[in-house]
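See structure below.
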2 protein chains.
Amino acid sequence: MINPSVSIEDYLGAIYRLQRKDGQPLPLGDLQEHFGFSPISIHEMVQKLVQRGLAVYIPYKGVLLTLTGSTTAEALIRRHRIWECFLSNELAVPIDEAHQLAGDLEHAAPDWITERLFNHLGQPSFCPHGSAIDELTSTPVGISIANGQAGRTYVISCISPENSNSLQIAREAGILPGSSLTIIEKKNGNIEIEINDQKKQLSEDDLAYFWGMDMTDGS
Amino acid sequence: MINPSVSIEDYLGAIYRLQRKDGQPLPLGDLQEHFGFSPISIHEMVQKLVQRGLAVYIPYKGVLLTLTGSTTAEALIRRHRIWECFLSNELAVPIDEAHQLAGDLEHAAPDWITERLFNHLGQPSFCPHGSAIDELTSTPVGISIANGQAGRTYVISCISPENSNSLQIAREAGILPGSSLTIIEKKNGNIEIEINDQKKQLSEDDLAYFWGMDMTDGS
DNA sequence: ACAAATGATAAGGCATGCCTTATCATTTGT
DNA sequence: ACAAATGATAAGGCATGCCTTATCATTTGT
Ligand SMILES: [Mn+2]
Ligand SMILES: [Mn+2]
Ligand SMILES: [Mn+2]
Ligand SMILES: [Mn+2]
């Protein structure tokens, strides 16, 4: 495969990130929701991935990456996270904007440049959202805060960047990996939390993208 | 003007770099030579620049940037040189590859990010090729080595990145801004030089892109 | 089991930025 | 002044990645 286009790469990245852990095909509806494109555009692009040997498509089921597709996606996501580290650690760019910008930079520099950058940054283990750089597939540590219990305190391990809303909330509330978050109360889809000595009312949907470990009983 | 495309930006940058100092229009032939596109593609794109108010076109004469076009080009070139500094100073990327990569990165990050990068780098005055970052239009110091005299020694001030051949030569011979270069002999289009204690035979055409100051009579 | 929801696919369209072929206009050198 | 070189422009094409409308197939829930 020679020089996948920016779009092709972004599709591979999205499929990789959204894919099921159980090896089940990813429904095109998930991709549609992710990109906001029409179902037909999604279908067209998936067919292109198939033609190029990057994915397998099972009608009425969904799409699966081939080994080549998976490898290409992994390289993309690695570059993405390295750029995020650069933007966040060196230039103090907020994590929501870092994610967006890395979405462009990941296509602009080849692997060897980002590897140099990785070394230059001191081989960081995690991107600013808390995702591992060396073990791309590792699941976030702990549980989704949406499933947390009232009265308990969680140390945030990861803020999944899939939801731009959550990223913006994290930025505004100053929530970062390592922050302590306490669930005050849960009621009908909303969760009241305390973070950095401030109380916030957030929706369960948005908090689903925050992951943390229960630290209530001491470290 | 909203969101100029990568192509539009590159055309603006090329026109800005190639433009005459005397305010004369730039012949489309020069753009054609620069990009290697067909005359008709060049013409089409120039018409787009005109439609968007970025340039003025005088048939049979050439193209001139408007104020908007010029400002956009200046911002692009500034971003370009800042990225080159980053790649060269922080990641030790050779100057020929740095130029190429910066040609992509310049489109991937907005001004505010590159300004942060600029500060992070310590507000460098020159890109790795010796072009000024704050005074984009300043002409290279000294003379073109192609016009130098046999027996004289020049301190390289700038290697114009327009010619990829020259950049590669500079890389291979280890010529950088600040290097001392002595002209041994000139004969029929070729120039024999001494650089870093090594003698090289180079063409006048390639050496035209090297600029330097005569340092023979002491500093 | 069947209707409703969901998914697949065919046909045609559009903007972008490149191309070739062909024709016509202007400038240039002698 | 005129031929040759150069430049402008019209017409039509192509790949990419998006779109809408319309039809047909499968899956799903009851
Ligand atoms: Mn991307
Ligand atoms: Mn991240
Ligand atoms: Mn460029
Ligand atoms: Mn430069």
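Between the side chains of Ser38(A) and Ser41(A), at least one donor-acceptor pair of N or O atoms lies under 3.5 Å. In summary, the side chains of Glu172(A) and Gln168(A) do present a donor paired with an acceptor at a separation below 3.5 Å, with no hydrogens or angles considered. No donor-acceptor contact under 3.5 angstrom links the side chains of Tyr209(B) and Glu162(B), judged on distance only.
Ser5(B) has a side-chain polar atom (N or O) that falls below the 4.0 Å cut-off from OP1 or OP2 of dG17(C). The shortest distance between the side-chain N/O atoms of Tyr60(B) and the OP1/OP2 oxygens of dC24(C) is not below 4.0 Å. Between His43(B) and dT9(D) there is a side-chain polar atom (N or O) within less than 4.0 angstrom of OP1 or OP2. Look at Ser41(B) and you won't find any side-chain N or O under 4.0 angstrom from OP1 or OP2 of dG17(C).
Summarising the geometry, the separation between CG on Leu28(A) and C1' on dT9(C) is reported as 12 Å, rounded to the nearest angstrom. We find that CD1 of Ile8(B) is positioned 15 Å from P of dA15(C), with the value rounded to whole Å. Rounded to whole Å, atom P of dG7(D) lies 16 Å from atom CD of Gln47(B). We find that CG of Asp30(A) is positioned 13 Å from C1' of dG7(C), with the value rounded to whole Å. Between Lys61(B) atom NZ and dG7(D) atom P there is a gap of 11 Å when expressed in whole angstrom units. Put simply, CD1 on Ile58(B) is 16 Å from P on dT26(C), counting in whole angstrom units. Going from atom CD of Glu33(B) over to atom P of dT6(D) covers 13 Å, rounded to whole Å. Counting to the nearest Å, the C1' atom of dG7(D) and the CD1 atom of Ile42(B) are 13 Å from each other.
Comparing Ser7(B) and Gly29(A) against DNA chain C, the residue whose closest nucleotide sits nearer the 5' end is Gly29(A). Judged by closest nucleotide on DNA chain D, Lys48(A) is the one of Pro59(A) and Lys48(A) placed further toward the 5' end.
Base pairing of dA15(D): its partner is dT16(C), meeting the Watson-Crick or G-U wobble criterion (both donor-acceptor distances under 3.5 Å). If you check dA25(C) for Watson-Crick or wobble pairing at under 3.5 angstrom, you find it paired to dT6(D). Judged by Watson-Crick or G-U wobble contacts below 3.5 Å, the nucleotide dT30(C) has dA1(D) as its partner.
For CD of Glu33(A), the number of neighbouring non-hydrogen atoms (other residues, nucleotides, ligands) closer than 6.0 Å is 12 at most.
With distances taken from any side-chain atom of Ile40(B) to the nucleotides dC18(C), dA10(D), dC19(D), the minimum falls on dA10(D).
Nucleic acid contact for Tyr11(B): sugar-phosphate only, since backbone atoms but no base atoms lie under 4.0 Å from a heavy atom of the residue.
The residue from Glu84(B), Glu106(B), Glu9(B), His107(B) that alone fulfils the side chain to side chain donor-acceptor pair (under 3.5 Å) condition with Arg79(B) is Glu9(B).
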